[in-house]
Every structure is written in structure tokens, then in C-alpha cells.
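Everything below concerns the one structure shown next.
Sequence lines set the chain letters: A, B, ... in the order given, protein chains first and strands last, and positions in each chain run from 1. Note that the structure is a prediction, hence the values are computed from the model and not measured.
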Amino acid sequence: MQAEEKFTYETWPASPEKATLEAKNKFLGFWLFLGGETVLFASLFATYLALKDKVPNAEQALAKDLFELPLVFVMTMLLLTSSLTSVYAMYHMKNYDFKKMQLWLGITVLLGLSFLGFEIYEFNHYVHEFHHTFSSSAFGSAFYTLVGFHGAHVALGLLWITTLMVRNAKRGLSLYNAPKFYLASLYWHFIDVVWVFIFTVVYLMGMVG
Amino acid sequence: MANQQPTSGNPRVDIEYRRKKSAEEMRYQVITFALMIFLTLVSFVAVGYGEFSGWFIVPFILLLAVVQVIFQLYYFMHMSHKGHEAPQIFLYSGAFIGAATVLAFMTVIWW
């Protein structure tokens with residue numbers, strides 16, 4: 001099958017994300033990258049767990065003073081829902097419905113943006129209300145590195161999906177760009193996987209003490 | 001075979017089959033989403049309630065997180081489909097090294 005070939009709903013293959021050799025290679029390479037990302041985030045989690053609440057003096061805020069469940073809950077719901085909307089986008093991609101795929105990707109981007117907005121508010125709040133900064137303690141460094149790295153992944157994911165949407169807006173779906181959309185959505189799900197551990201290990205376990 | 005083009009020789013039948021398959025898959029994914037929301041709610045309520053001891057609640061919410069991540073990987077990221085043997089090797093190797101790292105850091109760093 002040719003990557004640039006024009007398709008109809010009837011001729012569109014069942015697994016467009018793996019229909020060409022290039023797509024197969026991308027698929028394999030991207031999963032290898034996700035395996036590496038797992039190790040990267042695990043090392044940041046390990047650092048956080050080892051340095052949690054390690055502060056130089058009693059005036060510094062600890063995890064249980066900082067975190068508030070309602071904010072984290074809203075952020076979790078936003079990211080979890082954006083994971084479902086990107087599943088919808090891939091459903092329409094497989095049905096060769098470019099417009100609906102773009103629509104659901106757009107909704108995913110909006111949800112991701114609002115997540116990022118809440119995270120910026122959160123960090124700003126910790127810095128100004130609690131003087132909990134990147135350099136105030138080992139706890140602060142470990143916290144901002146872990147959660148900030150995740151936030152940077154969200155920002156990169158948004159940039160990636162938006163770029164794909166703009167770049168392919170007039171092209172429609174082909175076997176050249178379908179694997180790209182598919183991998184961007186895998187990346188987005190992976191970001192949600194990491195967040196599940198962040199809200200559990202950092203926020204919920206932080207509240208428990 | 002999940003998500004593979006069937007070859008009945010009749011394109012019309014194949015399209016019908018695929019349409020049904022992907023609608024069915026979508027339904028599973030919505031159920032998965034509902035379960036993930038439910039697991040998240042249980043974790044937050046269990047911690048927010050504030051009556052359980054840390055010795056119970058930490059393993060409990062970690063277990064819920066692992067279950068939720070398995071849903072995400074196998075349904076949202078399609079790892080339950082055929083042709084995901086290499087992704088499984090990559091991801092589980094990563095998770096194994098990651099677990100060893102967490103264990104090492106938590107036992108070696110003591111101040």
C-alpha cells in the first residue's frame with residue numbers, strides 16, 4: 001500500500017497505524033521510547049520518595065501542609081477525560097472520518113490546556129503561599145522535578161497534537177499521517193498513566209503522611 | 001483476531017464486520033473509562049475520609065493505581081490487541097528496572 005494513496009471508507013485498512021513498513025517501524029520505535037520513559041519517570045519517583053518531606057527546618061511546609069484534594073481531583077478528572085476523548089479521536093481515525101477525529105483531538109487539547117492551567121496555578125500557589133520552591137529544600141527539588149517533568153510532557157503532547165492537526169488540516173487522512181496521529185494519542189495515554197501514579201504516590205500518599 | 005481485517009472475499013460483509021467490531025471496542029473503552037473514574041473516586045474518598053491507618057491505605061491506593069494503569073495500557077493503548085509482543089517486552093522491562101530503582105533509592109538513602 002502506498003503511503004500517499006487516496007482512500008475511501010471502504011478501502012481504508014483496518015489497522016492504518018501499522019499498514020506500511022514505515023508505520024510498523026514507528027510503532028515499534030515509539031513503544032521502545034515509552035519503555036525508556038517508564039525508567040525515566042521511575043527514577044524521578046524514586047528520588048521523590050527518598051526525599052519526601054526532607055526539609056532543613058521546621059518552618060518549611062511538608063507534603064500534608066501543601067496539598068489540597070479538590071484541586072488534584074479536578075486535575076485528575078480533566079486528564080482522565082482527555083484520555084477518553086483521544087480514544088474517540090482514534091476511533092474516528094480507524095473509521096476514516098477525518099473531521100470527527102480533528103474535533104475530538106481539539107477537545108483533548110482543550111482539556112490538556114486546562115490541566116496545565118491548574119498546574120501553573122498550583123505551583124504558583126505553593127511558591128507564594130508556602131515559599132515551597134525548587135531550591136528551598138530537597139523535598140522541593142524532588143517535587144518540582146517529578147511533577148514539573150510530567151507537566152512538561154503534557155505541554156509537549158499538546159504542542160505535538162496541535163502541530164499534527166494544523167499541519168494535516170487540509171490533507172485529510174492518509175497512511176502517511178495516520179500512524180503519526182496514532183502515536184501522538186499513545187503518548188497522550190502514557191502521560192495519563194504517569195499521572196495516575198503521581199496523584200496516588202505524590203498527592204494521596206502525601207495527605208496520608 | 002482483534003482489529004485485523006477479515007477476508008471473507010466480500011468487501012461489503014467485511015465493512016459491516018469492521019463497523020461492528022469497532023463499535024464493540026468503543027463500548028469496552030467507555031466501560032473501561034467508567035471503571036477508571038470509579039477507582040479514582042474510591043482512592044480519593046478513602047484518603048479524604050481520613051479514618052484509615054496509613055498501613056492499610058497506602059497499599060490499597062497503590063493497588064487501585066496499578067489496576068487503573070493496566071486498564072489504560074490494555075484498553076486505551078490497545079495492548080490487548082495482537083501484535084503487541086514487542087511493546088510488552090519494552091514496557092515490562094522498563095517497569096522492572098523502574099521498580100528496582102524505586103526499591104534501591106528508598107532503602108539506600110537514609111537521611
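Aromatic ring centres of A/H153 and A/F190 lie farther apart than the 6.0 Å criterion allows. Two rings, from A/F143 and A/Y126, have their centers less than 6.0 Å apart. Taking the six-membered ring for Trp, A/W160 and A/F30 have ring centres closer than 6.0 Å. B/Y74 and B/Y28 have their aromatic ring centers separated by at least 6.0 angstrom. Checked against the 6.0 Å centroid criterion, the rings of A/W195 and A/F115 qualify as a close aromatic pair.
Put simply, of A/M207, A/M205, A/E37, the one with the most heavy-atom pairs under 4.5 Å next to chain B is A/M205. Chain A forms more heavy-atom pairs under 4.5 Å with one residue of B/I97, B/T40, B/L41, B/V30 than with any other, namely B/T40. Highest contact tally toward chain A, considering only B/P87, B/G98, B/A104, B/G94, is held by B/P87 [criterion: heavy-atom pairs under 4.5 Å]. Note: B/I61 leads B/L91, B/T101, B/I61 in heavy-atom pairs under 4.5 Å with chain A. Heavy-atom pairs under 4.5 Å with chain B were tallied for A/V193, A/V194, A/L34; the largest tally goes to A/V193. The candidate with the highest count of non-hydrogen atom pairs below 4.5 Å against chain B, out of A/G36, A/S43, A/S83, is A/S83. When each of A/Y182, A/W188, A/F45 is scored by its heavy-atom pairs under 4.5 Å with chain B, the top score falls to A/Y182. Heavy-atom pairs under 4.5 Å with chain B were tallied for A/V72, A/L204, A/L40; the largest tally goes to A/L204. Interface check for chain A: of the options B/M106, B/Q88, B/H78, B/M26, the most heavy-atom pairs under 4.5 Å are formed by B/M26.
Looking at A/V201, only its side chain comes within 4.5 Å of chain B, counting heavy atoms on both sides. Contacts of B/L64 with chain A are absent, with no heavy-atom separation under 4.5 Å from either backbone or side chain. Of the atoms belonging to A/F27, it is side-chain heavy atoms, and not backbone ones, that fall under 4.5 Å from chain B. Interface remark: A/S185 contributes no atoms to any contact with chain B (heavy atom separation under 4.5 Å). In this structure, the portion of B/I57 lying under 4.5 Å from any heavy atom of chain A is its side chain and not its backbone. Within the 4.5 angstrom heavy-atom criterion, only side-chain atoms of B/Q68, from C-beta onward, approach chain A. Residue contact with chain B, scored on non-hydrogen atoms closer than 4.5 Å, involves the backbone and the side chain of A/T47 alike. Neither the backbone nor the side chain of A/Y203 comes within contact range of chain B; no heavy atom of the residue lies under 4.5 Å from a heavy atom of that chain. Residue B/S93 does not touch chain A at all, counting heavy-atom pairs closer than 4.5 Å. At a 4.5 Å heavy-atom cutoff, the contact between A/F73 and chain B is made by backbone and side-chain atoms alike. Interface residue A/T76: only side-chain heavy atoms are found under 4.5 Å from chain B.
Using a 4.0 Å cut-off between charged side-chain N and carboxylate O, A/K26 and A/E22 make a salt bridge.
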Checklist entry - Does the pair A/L186 and A/W31 meet the rule for a side-chain contact (heavy atoms from CB on, under 4.5 Å), with working shown? => result CA-CA 9 Å; A/L186 272 189; A/W31 273 101; 3.5 Å; yes
Item to check | Test log, rule side-chain contact (heavy atoms from CB on, under 4.5 Å), inputs A/L79 and A/F199 | outcome: CA-CA 11 Å; A/L79 211 58; A/F199 86 67; over 6 Å; no
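If you check the side chains of A/S82 and A/T85, you find no donor sitting under 3.5 Å from an acceptor. A donor-acceptor pair shorter than 3.5 Å cannot be found between the side chains of A/E119 and A/H150.
In this structure, CD on A/E17 lies 5.5 Å from CE on A/M93, to the nearest 0.5 angstrom. Rounded to the nearest 0.5 Å, atoms CD (A/E68) and NE2 (A/H125) are 5.0 Å apart.
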